[in-house]
Amino acid sequence: MEEKKENLEEELRKHLPTQEEILEVSEAMKQLGDPSRLRIFWLLCHCEECVQSIASLVNMSSPAVSHHLRLLKGAGLICAKRDGKEMYYRASDTELAQALHQTIEHIAKITCPEK
């Protein structure tokens, strides 16, 4: 019995995430703990939009949306590109962002618009 416990502990140590990996996930989840950021992130998982369009879709002011976008971008969940004077935002093409998107839809029992 003691040997099985030692083997299990050794296996757990091998697969234990690093502090850096845990911090990345923790920061992303912290940002999605805000309902407005969660809605914006979900939206950007399905389209690429500018601040004005996002503000209109989520019924918020542009400055408030900009604030949320800055935090989501800092957490690596979204990325931006400039087109003339406008910045367009979309969900990052990372494993973490995709996994969080799927988790949101699974928990909320919602489906992607294209499904």
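Nothing fancy with the numbering, it's 1 onward along the sequence.
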(message) If the condition is side-chain hydrogen bond (donor to acceptor under 3.5 Å, both in side chains), which residues does Gln52 pass it with, not counting sequence neighbours?
(response) Ser62
(message) With no hydrogens and no angle check, just 3.5 Å: does a side-chain donor-acceptor pair link His106 and Gln102?
(response) no
(request) Apply side chain to side chain contact (heavy atoms under 4.5 Å, CB included) to Gln98 and list each qualifying residue two or more places apart in sequence or on a separate chain. (result) Asp93
(request) Applying salt bridge (Lys or Arg N to Asp or Glu O under 4.0 Å), name anything that partners Glu11, two or more places apart in sequence or on another chain. (result) Lys14
(request) Write out all pairs satisfying salt bridge (Lys or Arg N to Asp or Glu O under 4.0 Å) with one or both partners inside residues 51-60, taking only residues at least two apart or from two chains. (result) none
(message) Listing request: all salt bridge (Lys or Arg N to Asp or Glu O under 4.0 Å) pairs with a residue in residues 32-46, at least two apart in sequence or in separate chains.
(response) none
(request) Give every residue pair that meets the salt bridge (Lys or Arg N to Asp or Glu O under 4.0 Å) criterion with at least one member in residues 95-104, sequence neighbours excluded. (result) none
(message) Checking Leu100 against Val25 for the side chain to side chain contact (heavy atoms under 4.5 Å, CB included) test, could you report, in this order, the C-alpha distance in whole Å, the side-chain angles of both residues, the deciding distance, and whether it holds?
(response) CA-CA 10 Å; Leu100 289 170; Val25 174; over 6 Å; no
(message) Going by side chain to side chain contact (heavy atoms under 4.5 Å, CB included), name the residues that satisfy it together with Ala64, two or more places apart in sequence or in a different chain.
(response) Met60, Ser61
(request) Identify, with sequence neighbours excluded, every residue that meets side-chain hydrogen bond (donor to acceptor under 3.5 Å, both in side chains) alongside Glu21. (result) Thr18
(request) Quick one: pull up CD1 in Ile78 and CZ in Phe41 and give me the separation to the nearest 0.5 Å. (result) 9.0 Å
(request) Mark yes when over 12 heavy atoms from residues, nucleotides or ligands other than Met29 sit less than 6.0 Å from its CE; otherwise mark no. (result) no
(request) Only counting residues at least two apart or in another chain, list the ones meeting side chain to side chain contact (heavy atoms under 4.5 Å, CB included) with Arg13. (result) Glu9, Glu10
(message) Once salt bridge (Lys or Arg N to Asp or Glu O under 4.0 Å) is applied, do any residues pair with Lys73, and if so which ones, sequence neighbours excluded?
(response) none
(message) Under the salt bridge (Lys or Arg N to Asp or Glu O under 4.0 Å) definition, can you give me all pairs with a residue in residues 48-65, not counting sequence neighbours?
(response) Glu48-Lys81, Glu48-Arg90
(message) Taking CG in Asn59 as the centre, count heavy atoms belonging to other residues, nucleotides or ligands within less than 6.0 Å. Is the count above 12?
(response) no
(request) Could you please spell out the steps behind the side chain to side chain contact (heavy atoms under 4.5 Å, CB included) verdict for Leu44 and Leu77? (result) CA-CA 10 Å; Leu44 296 176; Leu77 293 173; over 6 Å; no
(message) Applying side chain to side chain contact (heavy atoms under 4.5 Å, CB included), can you list everything that pairs with Ser56, at least two apart in sequence or on another chain?
(response) none
(request) Would you mind reporting whether Tyr88 and Arg82 have side-chain heavy atoms less than 4.5 Å apart? (result) no
